[in-house]
Amino acid sequence: MPSAAVIVDVPTMQTNFPYSYAIPPELQAQLQPGMRVVVPFGSGNRQVEGFVVGLQDDDSKHQADDLKPITRLMDLTPVVNQELLALSDWLSQRTYSFRISCLLTMLPNVMKAKYQTTVAPVPPVQNQWLAKVFADQQELPLDQAHFTNREVARLTELRNQGQVQVHYHVKNQAKRKTEVAVVNQITDFSRCAAEIRKNATGQQALLRQLEQQPKTPLRQRELTKVPGISAAVIKTFADRGWVRKVTVEQYRNPYDQPRHPDQPQPLTPDQQRAVTPINKAIRDQQSTVFLLEGVTGSGKTEVYLQTIQQALDQDEQALMLVPEIALTPQMVTRVKNRFGDQVAILHSGLSNGEKYDEWRRINAGAAQVVVGARSAVFAPLPKVGLIILDEEHDPSYKQSDNPRYHTRDVAIWRAQYHHCPVVLGSATPSLESRARAEKGRYQLLRLPHRINQQQLPAIQIVDMTASSERYGDLVSQELVTAIQSTLTRKEQVVLLLNRRGFSSFMLCRDCGYVLKCPHCDISLTMHLDSQTMKCHYCGFETAIPNECPQCHSRHIRYFGTGTEKAEQQLQRLIPKARILRMDVDTTRKKGAHQRILSQFGDQQADILLGTQMIAKGLDFPNVTLVGVLNADTGLDLPDFRASERTFDLLTQVAGRAGRAEKAGQVIIQTFNPQHYAIQLAQQQDYEAFFRKEMQIRHLAGYSPYYFTAQITVSALVEKDAAQESYRILQLLQQNLAQTTEVLGPTPNPIARIKNRYYYQIIIKYKHDEQLAPTLTRVQAISQKEVRKGLRIAIDSDPVNFM
DNA sequence: AGCACGCCGACT
DNA sequence: GTCGGCGTGCTC
């Protein structure tokens with residue numbers, strides 16, 4: 001008796017394995033691994049979504065007759081292929097998360113089922129209350145909106161008496177749109193042409209269209225755009241049997257822009273030295289990992305495009321991952337211009353429906369190139385020939401909630417599966433990747449020169465501890481002068497200030513009170529445009545006080561400068577400058593990103609002032625000055641990667657200057673002018689930074705010399721989080737190897753967020769056989785404790801310690 | 001997650 | 001004595 005192995009949508013430790021279900025005879029022919037099904041689960045036979053991960057001919061553990069049958073199919077074809085099924089298994093072990101969570105993150109959001117429980121009275125209805133509640137309704141949803149807890153208890157009682165029935169509904173949210181298309185049935189076009197009257201221009205036009213593309217279904221909506229072709233013309237053809245009407249899936253096209261086809265550009269010798277080995281690996285089906293270390297402006301993108309072409313030439317597909325695609329519309333345009341409609345785009349800026357459409361195009365084999373952010377690494381391409389991870393050091397490649405995967409790891413796994421190379425590209429590779437290249441595990445390719453012999457911009461450091469008072473603490477005289485002369489030359493300026501809002505905290509000068517978020521251990525930031533004090537962690541907002549909430553003194557002051565205040569001050573210093581501000585607050589609305597950038601690109605502003613979102617990938621030829629208002633914001637964070645992040649950010653933003661024929665200039669303002677991260681960013685010497693930082697990591701015993709794992713415990717009561725973390729500490733100490741070091745528990749740098757108290761434990765290890773089984777035990781414990789409001793998060797390779 | 005079973009305190 | 005509180009275990 002055949003049965004199906006099903007992973008059910010019940011994310012718990014105790015259900016984290018496949019359950020066997022009987023396959024009803026009518027489903028036996030259709031059912032395949034990778035399809036979603038609805039299955040009865042638990043005592044009430046409540047209906048849940050599940051993924052078929054395998055089929056068995058007989059089941060030794062269970063007699064066929066004690067298996068429950070699959071209720072129904074949710075898909076007609078598999079939504080997870082064999083590769084991704086295997087990947088989900090590896091991923092769940094690697095990240096200590098549930099298999100169902102892994103499967104669901106590989107798919108667009110809309111494919112997660114929605115559940116609804118309803119209740120219906122069983123006729124004849126005798127109970128008066130029941131009759132009154134239901135009146136003429138057949139059934140009602142069993143939720144808070146319809147029934148109070150007391151009423152639910154009453155319903156339970158009536159159900160036990162058989163007067164009420166409970167129904168479980170599983171709703172597939174994914175709705176596909178269809179449209180009408182016609183398929184050509186003509187074989188002899190000249191004979192048909194003879195049959196059409198000379199003055200029937202519409203019919204002639206349609207015939208020409210069919211002749212051009214006799215094999216593909218043509219969408220009616222597109223066809224009727226052709227002059228002369230109308231619905232009536234199409235109907236005439238259908239009546240004659242010349243075309244057949246079919247319905248095809250309709251896809252929303254999120255980047256429906258006119259295309260300017262471009263051709264491969266001639267390569268510099270550097271680029272050629274990179275392209276050759278990558279293309280060879282693609283041809284030879286080698287799963288080599290290349291680290292492409294190229295300074296900003298060295299032409300990495302052209303290397304990507306020409307290697308993608310190699311994969312396409314072999315009838316294979318290419319996957320290109322970028323940090324957050326909304327930030328680099330220029331990159332999307334370049335790829336689309338080169339490869340046209342075979343490109344699919346997946347990123348967080350798309351609506352759920354748009355993501356689903358792009359995903360289906362990929363799954364149907366209609367896309368050959370996928371460009372996308374983190375989750376696009378799961379794009380269901382059947383035969384991958386190349387995977388590119390641009391800006392491979394970017395922290396957004398790490399998912400911060402379950403499953404806590406790193407895109408780089410998944411990319412490498414998939415490359416091994418497909419026997420294809422991975423290209424990790426960056427101007428400032430992560431220390432981990434660069435170290436692997438050093439050891440020969442990755443193959444290092446370097447692009448040390450900018451294309452067209454452009455000079456790297458000259459970088460000047462301004463020591464803000466010695467800055468003149470006249471200009472305040474925000475902008476130095478050097479920067480103001482440089483901005484002014486840039487504007488006189490009719491060139492543009494990019495300014496980075498990695499802090500949003502107006503002022504970062506409010507302080508009472510009489511009693512020393514600092515206004516904090518009531519839900520988090522963090523001071524509230526003042527925002528002038530919304531006239532509120534905001535918490536950047538939980539979103540709490542309150543009015544701006546005009547007296548101290550504690551002592552009612554009116555001597556309150558606001559300290560710290562964010563982008564809002566910087567904009568105001570700059571405007572005062574340079575009244576004629578047209579300033580555009582770009583941060584989370586000005587880009588919240590859909591498309592705002594693009595609008596600000598194109599305004600700046602069209603020279604409608606002189607200065608683009610923003611947070612780190614302006615550091616990446618922007619390419620404006622008229623920008624000749626880049627200023628960093630405060631290089632220190634990230635430097636003193638309690639994170640061993642603080643220097644690396646600062647170096648990356650400064651290098652990245654400096655690269656925005658002088659990208660065309662005009663020379664660029666960069667001014668970095670800092671209170672730590674001697675710090676090596678800032679010094680070496682000034683020299684734009686990544687290799688020197690790498691060596692220096694490696695020494696420091698070696699001494700401190702951090703990545704890449706040691707692996708790290710992190711356990712975070714949180715609870716509503718601080719004592720609970722602390723106690724539990726000490727219990728886990730004990731478990732770790734009793735089980736882990738002697739050489740493994742366990743740090744903590746310590747309260748998180750921000751000890752409370754959204755009313756939860758956080759404690760963390762850091763594990764540093766080199767080789768520890770016991771680590772995986774021990775963390776699995778921690779995972780099991782977390783399952784039990786979750787009922788008491790405790791949450792335990794395991795991160796097998798954290799990138800962020802805040 | 002949701003449901004049943006089972007063991008302790010407040011009530012008709 | 002029973003009703004119902006929620007702590008614990010199980011779901012093919």
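Naming convention: chains lettered A, B, ... in sequence-line order (proteins, then strands); numbering from 1 in each chain. No experiment lies behind these values; they were computed from the predicted model shown.
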*Just how far, in rounded Å, is C1' of B:dA1 from CE of A:M13?*
17 Å
*Between B:dG2 (P) and A:Q47 (CD): distance, integer Å*: 14 Å
*Starting at atom CZ of A:F41, determine the distance to atom P of B:dA4, rounded to an integer number of angstrom.*
15 Å
*Nearest whole angstrom, please: distance from the P of C:dG7 to the NZ of A:K788.*
10 Å
*Can you tell me how far P of B:dG2 sits from OH of A:Y115, to the nearest Å?*
10 Å
*Is the distance from OP1 or OP2 of B:dC3 to the nearest side-chain N or O of A:Y168 less than 4.0 Å?*
yes
*Scan A:F98 against the nucleic acid and name what it touches under 4.0 Å (heavy atoms): base, sugar-phosphate only, or nothing.*
nothing
*A:R46 CZ to B:dG2 P: how many Å, rounded?*
6 Å
*Distance in angstrom units between A:E785 CD and C:dG7 C1', rounded*: 13 Å
*Closest non-hydrogen atom pair, A:S725 against A:Y759*: OG-CB, 3.8 Å
*Which whole-number value in Å describes the distance from A:D66 CG to C:dT11 P?*
11 Å
*With sugar-phosphate meaning primed atoms plus P, OP1 and OP2, does A:T12 contact a base, only sugar-phosphate, or nothing at under 4.0 Å between heavy atoms?*
base
_Minimum-distance nucleotide to A:R787 side chain [options: C:dC12, B:dA1, B:dG2]_ = B:dG2
*A:N735 side chain vs A:L731 backbone, donor-acceptor pair below 3.5 Å*: yes
*If you look at every heavy atom in A:V119 and A:F134, which pair is closest and at what distance?*
O-CE2, 3.3 Å
*Base, sugar-phosphate alone, or nothing: which one does A:S43 contact when heavy atoms must sit under 4.0 Å apart?*
sugar-phosphate
*Kindly assign one of parallel, tilted or perpendicular to the pair A:Y397 and A:H406, based on the angle between their ring planes and the thresholds 30° and 60°.*
tilted
_As a quick check of understanding, evaluate side chain to side chain contact (heavy atoms under 4.5 Å, CB included) for A:Y96 and A:N402, giving each step before the final call._
CA-CA 9 Å; A:Y96 305 95; A:N402 275 326; over 6 Å; no
*Closer than 4.0 Å, any side-chain N/O of A:R159 to the OP1 or OP2 of B:dC3?*
no
